[in-house]
Asker: 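Just dropping this structure here.
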Amino acid sequence: MSHTADFLGDVNRSFMKAARLTNHPKGLLEQIRMCNSVYAMEFPLVRDDGSIHVVQAFRAEHSHHKQPAKGGIRYAPTVSRDEVVALASLMSYKCAVVDVPFSGAKGGVKIDRKQFSPSELERITRRYTFELVRKNFMGPGVDVPAPDYGTGAQEMAWIFDTYNQLSDNPLDAAACVTGKPVGHGGVHGRREATGRGVFFGIREACSDKKAMKALGLEAGLEGKRVVVQGLGNVGFHAAYYLQGAGALIVGIAEMNGALVKEDGLNVREVGAWRQEHGAIEGFPEGRMTQPSEKALELDCDILLPAALEGQISGENAGRIKARIIAEAANGPTTSEADEILRKRNVLLLPDLYLNAGGVTVSYFEWLRNLSHVRFGRMSKRFESNTQQKMLSAIETATGKALSPEVLTTIGKGADEIDIVNSGLEETMVFAYNEIYDISKRLKTDLRTAAFVSAINKIAVLYNQMGIFP
Ligand code: NAD
């Protein structure tokens with residue numbers, strides 16, 4: 001069985017385990033689980049040297065219980081039909097867990113982006129977009145892509161531009177894709193949103209004194225030793241915010257090896273080094289160890305896989321020393337590893353909850369695009385004036401002058417970034433407590449609880465639509 005076929009199997013096994021804890025009819029559960037549509041395509045790329053390369057790509061829309069469908073686009077050599085379906089399925093459940101009104105989708109282009117020039121990547125992205133538009137797999141109310149592994153704001157800008165040229169609805173065209181650069185309708189805070197959401201989720205879990213005691217840990221993030229796998233968008237930002245809250249980043253694993261430093265690496269400096277030199281190798285602090293995957297077995301409190309699926313398997317789960325596994329990536333733990341780790345009393349923070357910050361802020365971007373106004377634009381000055389008046393009233397009533405710091409922090413109206421970040425924090429904290437309560441009530445783990453939460457929410461919608469009276 002291929003690696004990615006296992007991934008789809010793993011998602012389905014988690015679904016079935018949770019489904020047994022609900023009392024929905026079998027047919028309805030099947031409808032929720034199955035993938036509605038997959039568009040598999042092949043198209044030619046004329047390379048810079050004039051040769052022709054055939055590119056294989058996919059888009060899966062797992063469900064249509066809400067519209068649009070939503071999910072990232074991945075550029076990776078591992079992309080396959082099953083991988084895209086597994087990721088699209090997770091998107092449906094993820095959106096339900098954090099109450100984002102979308103159904104799940106995912107796209108994948110089977111390429112190693114390092115093998116292509118920027119202009120080749122642009123041609124691939126534009127042609128892929130053209131294929132999606134032609135088959136009605138894209139549009140603000142139909143299916144809205146976003147960044148995922150191997151893609152970022154640049155690809156989203158090309159997608160938007162291509163869609164815009166083909167669309168006869170220029171007014172709402174910007175809502176066809178999220179994760180765009182801010183100048184093209186992107187929202188402040190989207191780039192770091194998934195990692196920031198991962199941080200909020202870990203912070204919630206670690207604030208639970210009883211749960212931490214059961215793991216032999218103190219509550220809080222201060223001094224927690226973290227190993228991160230994958231210093232990309234999600235891994236970098238999650239590690240950066242964890243470090244900001246007092247955690248020690250004792251290991252960073254990348255493709256060719258891992259950087260280890262027991263008293264903590266500076267994430268921003270390692271990221272800047274990688275940006276400049278193309279790799280973490282040669283960073284002046286800490287020591288490099290190989291092979292990279294051995295870093296997963298380092299002694300630490302929190303292991304943060306933020307690369308690809310299937311990294312923690314039956315083969316290495318017994319050797320993992322971390323007490324908490326924070327699934328920043330999608331599907332990093334196989335179901336076999338999940339069983340082993342739970343028996344070893346390791347706390348797993350599941351992907352379908354933990355990395356949902358990305359789609360949450362994508363939802364905010366989509367709303368911003370449809371309303372054609374930056375968050376805070378209409379209210380910031382009004383809020384600021386009202387708060388300033390309140391602060392002067394306090395000064396008059398008490399006869400004491402407030403410090404300049406209080407006057408600027410409390411007396412300022414909210415910028416877009418403040419609104420986005422507080423909306424993200426509220427979403428992650430609320431959803432954590434929701435799945436935590438389900439896990440206690442059903443005496444089950446957080447992954448199963450998150451699946452139960454998603455299944456119940458989607459089932460209600462199908463029932464209300466009268467499809468399954
Ligand atoms: P990315 O391309 O920005 O970064 C991935 C990083 O992982 C790269 O630096 C790559 O070199 C590294 N990597 C790959 N294989 C590795 C290995 N075997 N060992 C160590 N490092 C390895 O991707 P990303 O957007 O950060 O996505 C990472 C994961 O998070 C994926 O599973 C993705 O589906 C998931 N995710 C991403 C988002 C998002 O908003 N980007 C949202 C939700 C979930």
Side-chain angles (χ1 to χ4, degrees), residues 3-4 7 11 70-79 83-84 86-91 93-95 97-98 100 104 106-109 111-114 145-156 178-179 186-187 189-198 201 227-240 251-259 270-271 274-275 278-281 289-296 303-313 316 326-333 350-363 365 424 428:
H3 186 74
T4 47
F7 182 22
V11 174
K70 188 91 186 72
I73 293 176
R74 172 175 287 197
Y75 286 2
T78 52
V79 162
E83 185 191 54
V84 169
L87 290 162
S89 312
L90 275 178
M91 281 305 297
Y93 310 135
K94 194 179 296 186
C95 289
V97 165
V98 288
V100 163
K106 203 77 174 195
V109 180
I111 53 163
D112 176 356
R113 61 171 298 142
K114 289 194 219 78
D148 189 71
Y149 184 96
T151 61
Q154 175 62 81
E155 285 73 22
M156 303 308 118
T178 58
V187 76
R190 172 60 184 91
R191 192 168 48 97
E192 51 274 42
T194 309
R196 192 185 271 272
V198 166
V227 169
V228 53
Q229 183 198 39
L231 199 65
N233 179 303
V234 179
F236 172 83
H237 288 107
Y240 175 74
I252 296 177
E254 254 298 327
M255 292 280 207
N256 302 323
L259 200 52
V270 179
R274 186 174 179 223
Q275 196 85 21
I280 58 172
E281 280 96 329
T289 62
Q290 271 147 345
S292 169
E293 60 269 22
K294 275 282 163 199
L296 299 171
L303 175 61
L304 199 135
L308 285 171
E309 58 269 16
Q311 299 298 307
I312 305 167
S313 64
N316 61 1
E327 294 188 333
N330 283 308
T333 317
D351 50 5
L352 76 161
Y353 159 68
L354 196 67
N355 67 34
V359 74
T360 301
V361 175
S362 275
Y363 169 45
E365 180 175 332
L424 172 62
M428 295 305 294

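Remember, it's a predicted structure, so these values are computed and weren't measured experimentally. For ligands, and for the atoms within them, numbers begin at 1 and follow the listed sequence. These numbers come from the heavy atoms of this one structure, side chains and all, not from hydrogens, waters or symmetry mates. Residue indices begin at 1 and follow the sequence shown.
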Asker: I'd like to know whether CZ of Arg274 has more than 12 heavy-atom contacts from other residues, nucleotides or ligands below 6.0 angstrom.
Answerer: yes
Asker: Should the pair Arg113-Glu155 be classified as a salt bridge under the 4.0 Å nitrogen-to-oxygen rule?
Answerer: yes
Asker: Could you check whether Arg74 pairs with Glu83 (Lys NZ or Arg NE/NH1/NH2 to Asp/Glu carboxylate O, under 4.0 Å)?
Answerer: yes
Asker: Name the residues with a heavy atom less than 4.0 Å from ligand 1?
Answerer: Arg74, Pro147, Asp148, Tyr149, Gly150, Arg190, Thr194, Gln229, Gly230, Leu231, Gly232, Asn233, Val234, Ala253, Glu254, Met255, Arg274, Ser292, Ala306, Ala307, Gln311, Ala328, Ala329, Asn330, Asn355
Asker: Please lay out, stage by stage, how Ser362 and Arg190 fare under the test side chain to side chain contact (heavy atoms under 4.5 Å, CB included).
Answerer: CA-CA 7 Å; Ser362 275; Arg190 172 60 184 91; 2.9 Å; yes
Asker: Report yes if some heavy atom in the side chain of Lys94 is under 4.5 Å from a heavy atom in the side chain of Lys70; otherwise report no.
Answerer: no
Asker: Please test Glu327 against Thr333 for side chain to side chain donor-acceptor pair (under 3.5 Å), starting from the C-alpha separation and ending with a verdict.
Answerer: CA-CA 8 Å; Glu327 294 188 333; Thr333 317; 2.5 Å; yes
